[in-house]
Peer 1: 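Got a structure here, written out as structure tokens. Questions coming.
Residue numbers start from 1 in every chain, and the chains themselves are labelled A, B, ... in the order their sequence lines are given, proteins ahead of strands. Computed from a predicted model, the values in this text were never measured in an experiment.
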Amino acid sequence: MPAKPVVTRIAPSPTGSMHIGTARTALFNWLYARHTGGKYLLRIEDTDRERSTEANVQIILDGLDWLGLNPDEPPVSQYARIDRHREAVQQLLDTGHAYRCFMTVEEVAVEREIARAEGRAIRSVWRDRDAGAGSNDPYVVRFKGPLDGETIVEDLIKGPVVFGNKELDDLVLLRTNGDPTYNLAVVVDDHDMGVTHVIRGDDHLNNAARQSLIFQALGWELPAFGHLPLIHGPDGAKLSKRHGAQAVGEFADMGYLPEGMRNYLARLGWGHGDDEVFSDEQAIAWFDVKDVVKAPARLDWAKLNHINNQHLRKADDDRLAALTHTALQGQGQQLSADVEARLRRVVGLVKEGAGTIQELAGLCLFAVRQRPLTLDEKTIGLLGAETRERLARLRTRLAEEADWSPENLAAALKSFAENEGVGMGKFGPALRGVLSGGAVAPDLASALAALGSDEGLGRMDDALCSAQ
RNA sequence: GGUCCCUUCGUCUAUCGGUUAGGACGCUAGAUUUUCAUUCUAGAAAGGGGAGUUCGAUUCUCCCAGGGACUGCCA
């Protein structure tokens, strides 16, 4: 069967910030398109003129760009296609698949209440009436759905989902003001854009039945549907602000790497055996919509941090240093050129302990500090006369080292301890405090190497002189 | 209220009628380490409940319960 090339799309609505669930939907569409060698498109669903804003469109564009999920073709504005939508409605009207409904919003509200009480779908009295041509009263155009039989949505993820047609109401296609509604626009656009696979959130599963009916009424071929379960918060409730974050931009600000996000999001609702940490290439090779899990998944920060940490380890240190620099600037830190160089050296030494760039910045803080450091209580307590003298000897010893590589420094520290006839424990903690001021820092040799000889020895001098 | 979806360790998942139900995160305990972290080892931890099909159900069917979505001239 020579299947036609796959075309997927992500169709966010610019009525708010970009939800992390939207990001995952985009990822799955992208993965599937890449996996099949097809195309991945973007359509901005901006038919709601009241709530759609340019700023929100930009947020979506930026979010996708950050995630590395840019579409293969320029984004399509749904609203810009309004004439085409009206044309489709006219076709539906002409073929008897739609009708003008003159019910007022008040009348509809009443009917809705009655229909609900009777446990049936809402119907308009205008459905079978000759819509008085020439009337100047405002009207909407409703879809004239079948009253019996059933509509089956062959979902790629859920399997066949059966809907009784009598349960499906005659949804509005064209508003009183002549603007098309979402359900109509989606069908027309997906058809015109050649979308073969509609992969979207679970919340649209019910719509899929109505849209299928519209596709058929228009005489168009149905795309394949795949409805993704939603992402919930850690407590199982719908993901919202109180869970820490829901917008893509917030994850970026917290210091997650796009590749880490992609990896984690892919694992949320999809898996490939025991594989946990993988590359985009692997995900593309392995991904298939039919393997998506049916149940909703909860966002787990600990695991996100772990996955992100794995990608942080693989990331290039120059890139990490730049990101960390930006994070530190965000905290109000201004770094001089030599401090920047120090940052570049330290980033690779401490990244194993960081889940995010923000955490990485915290781990680098010891190196970024300006001399003279303010020592913490604990360190001051450790600096007894004996330790001071020992550190002074160590300072002299280290000053003789030309090679400030972690390896060589580690050897130097070890031989120094041996010469002194003591264990590292006798001066290690104090040296650590002197070098870091009490902040977290990597092992002594690495910390020294990252600081560099001038800064390292300088910090020792500061501590040894100041309190004397 | 109605329609639809979902239900394996705390969490994310594997299993596609026969397994000691596997892995990962997190957690606990050890080891290593100058602290923290890292690393290593070990451990606790699961099929919502009830029928049925079957020689045999986590896996298939049905019922119930719980959770969720939709039910807009929002998308």
Peer 1: Is there a donor and acceptor pair, one atom on the side chain of A/Glu276 and one on the base of B/rG23, closer than 3.5 Å?
Peer 2: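 A donor-acceptor contact between them is present.
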Peer 1: With both distances kept under 3.5 Å, what pairs with B/rA69, Watson-Crick or G-U wobble?
Peer 2: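 Pairing partner, where one exists within any strand: B/rU3.
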Peer 1: Checking A/Glu113 against A/Arg116 for the salt bridge (charged side-chain N to carboxylate O under 4.0 Å, His left out) test, could you report, in this order, the C-alpha distance in whole Å, the side-chain angles of both residues, the deciding distance, and whether it holds?
Peer 2: CA-CA 5 Å; A/Glu113 209 145 303; A/Arg116 188 184 176 116; over 6 Å; no
Peer 1: For A/Glu118, does the CD atom sit with more than 12 other heavy atoms under 6.0 Å from it, leaving out its own atoms?
Peer 2: yes
Peer 1: What integer number of Å spans the C1' atoms of B/rG66 and B/rG47?
Peer 2: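 To the nearest whole Å, 16 Å.
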Peer 1: Between A/Tyr139 and A/Arg116, who's closer to the 5' end of RNA chain B by nearest nucleotide?
Peer 2: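 It is A/Arg116, whose closest nucleotide lies nearer the 5' terminus.
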Peer 1: How long is the line joining NE2 of A/His272 and C1' of B/rC16, in whole Å?
Peer 2: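 Checked: the NE2 to C1' distance equals 15 Å.
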Peer 1: Quick one: label A/Pro296 by what it contacts on the DNA or RNA (base, sugar-phosphate, nothing), any heavy atom closer than 4.0 Å.
Peer 2: sugar-phosphate
Peer 1: On a whole-Å scale, what distance lies between the C1' atoms belonging to B/rA57 and B/rG49?
Peer 2: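 It comes out at 16 Å once rounded to the nearest Å.
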Peer 1: Atom NZ of residue position A/Lys314 - does it have more than 12 heavy atoms of other residues, nucleotides or ligands inside 6.0 Å?
Peer 2: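 Check passes, neighbour count above 12.
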Peer 1: Atom CZ of A/Arg112 to atom C1' of B/rG1: distance rounded to whole Å?
Peer 2: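 In whole Å, B/rG1 C1' and A/Arg112 CZ are 15 Å from each other.
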Peer 1: How many whole angstroms separate atom NE2 of A/His227 from atom C1' of B/rC4?
Peer 2: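 Answer to the nearest Å: 11 Å.
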Peer 1: Can you tell me whether the side chain of A/Thr181 and the base of B/rC73 have a donor-acceptor pair closer than 3.5 Å?
Peer 2: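 By the distance-only test, no, there is no pair.
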Peer 1: Atom CG of A/Asn183 to atom C1' of B/rG72: distance rounded to whole Å?
Peer 2: 10 Å
Peer 1: Any cation-pi pair here, A/Arg100 with A/Tyr139, using under 6.0 Å and within 45°?
Peer 2: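 Ring-cation test returns yes.
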Peer 1: Nearest-nucleotide wise, let me know which of A/Pro442 and A/Ile307 is further upstream toward the 5' end of RNA chain B.
Peer 2: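 Final value for this comparison: A/Ile307.
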Peer 1: For A/Asp203 and B/rC4, give me the distance from atom CG to atom P, rounded to whole Å.
Peer 2: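 Atom-to-atom, A/Asp203 to B/rC4, this comes out as 18 Å.
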